[in-house]
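Starting from 1, each residue takes its place in the sequence as its number. As the structure lists them, so they are numbered: ligands from 1, and atoms in each ligand from 1. Here the structure is a predicted model, which means the values were calculated and not measured.
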Amino acid sequence: MDCITQASFMRGFMDLCDLSFNKGWNERNGGNVSYRIKPEEIREVTAFLNEEAPSQTIGITAENLAGEYFLVTGSTKFFMNVKSNPFDNTCIIKIDEKGENYKIVWGLQKGGRPTSELPTHLLNHSVKKHCTNGAHRVIMHAHPANIIALTFILPLDGKVFTQEIWQMMTECPIVFPAGIGVVEWMVPGGPEVAKATAELIQKQDVVIWAHHGIFCSGEDFDLTFGLMDTVEKAAEILVKVISCGGKRQSIGAKEILSLAEPYSVPIDAEMFS
Ligand code: 13P
Ligand code: ZN
């Protein structure tokens, strides 16, 4: 391999950032993405890594991430530049043996640090690695306009958001059968918001940050992007419905729950309790 960007995980990550930017979800440096790199993928790129880099504290402890490598977007870096210049706008970090510190082993060639939301990304990865038996590898944060708009209109309650958004498209309860979690407005970037998000992401793959944006977790780049796209599209429909004077008819709880059996998805009935 002549260049690290030939690695398929690098290409997938760059494409994801580009798609997200083109959706209008990442104004300026808004949003961030992290990917837990597979051992066989990191072996392919070892020649490009500097394992002697200095260590820095994460701000949270994630013991089950010890020794893992992540590809992440850089703080203050613009999504629109990731695809054309991943060297200056992304980095690969390695977590130490305690799960408390990281070092930048590749990237951010003009300087900088990983996303300011690193505590939330890594705590979410830690929880998802545990509860999906390692299947989930992607955490994506963005600022989609319709989801943010709804946090000014609906009560900041996960059950209300789930019920309202599930009703907007029949596919929604099939795509995210555990529903949506909502975190009230908090100062971003720190360990408190990381813990509040991680608590919800144990059960759900979608967590909305009130008046800020959304986090999605998934197995790969396509599934994570597709999840965010589905939630944002349903949110757009809801904004339109509300703007047109509100619902005159809709899909009921019983109908939504009746999708579980034919589609073999565990739709969480608790969301209607
Ligand atoms: P970063 O530029 O540090 O990734 O922050 C962007 C953001 O969306 C913060 O929530
Ligand atoms: Zn943000």
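Donor-acceptor pairing under 3.5 Å is lacking for the side chains of D205 and S217. Under 3.5 Å, the side chains of T115 and H121 contain no donor-acceptor pair of N or O atoms. Using modelled atom types and a 3.5 Å distance limit, the side chains of K247 and Q167 yield a donor-acceptor pair. A side-chain donor-acceptor contact under 3.5 Å links E41 and Y35.
Closest non-hydrogen pair, I60 versus L122, comes out as CD1-CB, 4.2 Å.
Near H212, with a cut-off below 4.0 Å to any heavy atom, the atoms of ligand 1 are 10 (O). Using a 4.0 Å cut-off to heavy atoms of H141, the atoms of ligand 1 that qualify are 8 (O), 10 (O). When each atom of ligand 1 is checked for a heavy atom of T115 under 4.0 Å away, the hits are 1 (P), 3 (O), 4 (O). Within the listing of ligand 1, atoms 1 (P), 2 (O), 3 (O) sit less than 4.0 angstrom from a heavy atom of S75.
In terms of protein heavy atoms, atom 7 (C) of ligand 1 is closest to N32 ND2, 3.5 Å. If you check which protein heavy atom lies closest to atom 5 (O) of ligand 1, you get S116 OG, 3.4 Å.
Each of I95, N101, D96 was evaluated against K98; a single residue qualifies, D96, per the side-chain contact (heavy atoms from CB on, under 4.5 Å) test.
Note on K159 versus E164: no salt bridge recorded, every NZ/NE/NH1/NH2 to OD/OE distance being 4.0 Å or above. A salt bridge links D15 to K83: one of the charged nitrogens lies within less than 4.0 Å of a carboxylate oxygen.
The shortest N or O to N or O distance between K77 and ligand 1 is not below 3.5 Å. In terms of polar-atom proximity, P188 is not counted as a contact of ligand 1, lacking any N or O under 3.5 Å from an N or O of the ligand.
No more than 12 heavy-atom neighbours from other residues, nucleotides or ligands sit within 6.0 angstrom of CD on E63.
For T76, the closest heavy-atom approach to ligand 1 falls below 4.0 Å.
Close placement of the W25 and F225 rings is indicated, their centers lying within 6.0 Å of each other.
Within the set H143, E117, R28, the minimum heavy-atom distance to atom 9 (C) of ligand 1 is found for E117.
Protein contacts to the Zn ion (ligand 2) involving N, O or S atoms at a distance below 2.8 Å are H141 NE2, H143 NE2, H212 NE2.
Contacts of N29 with ligand 1, taken as heavy-atom pairs under 4.0 Å, involve both backbone and side chain.
With sequence neighbours excluded, the residues that form a ring-ring contact (aromatic ring centres under 6.0 Å, His included) with H141 are H143, W209, H212, F215.
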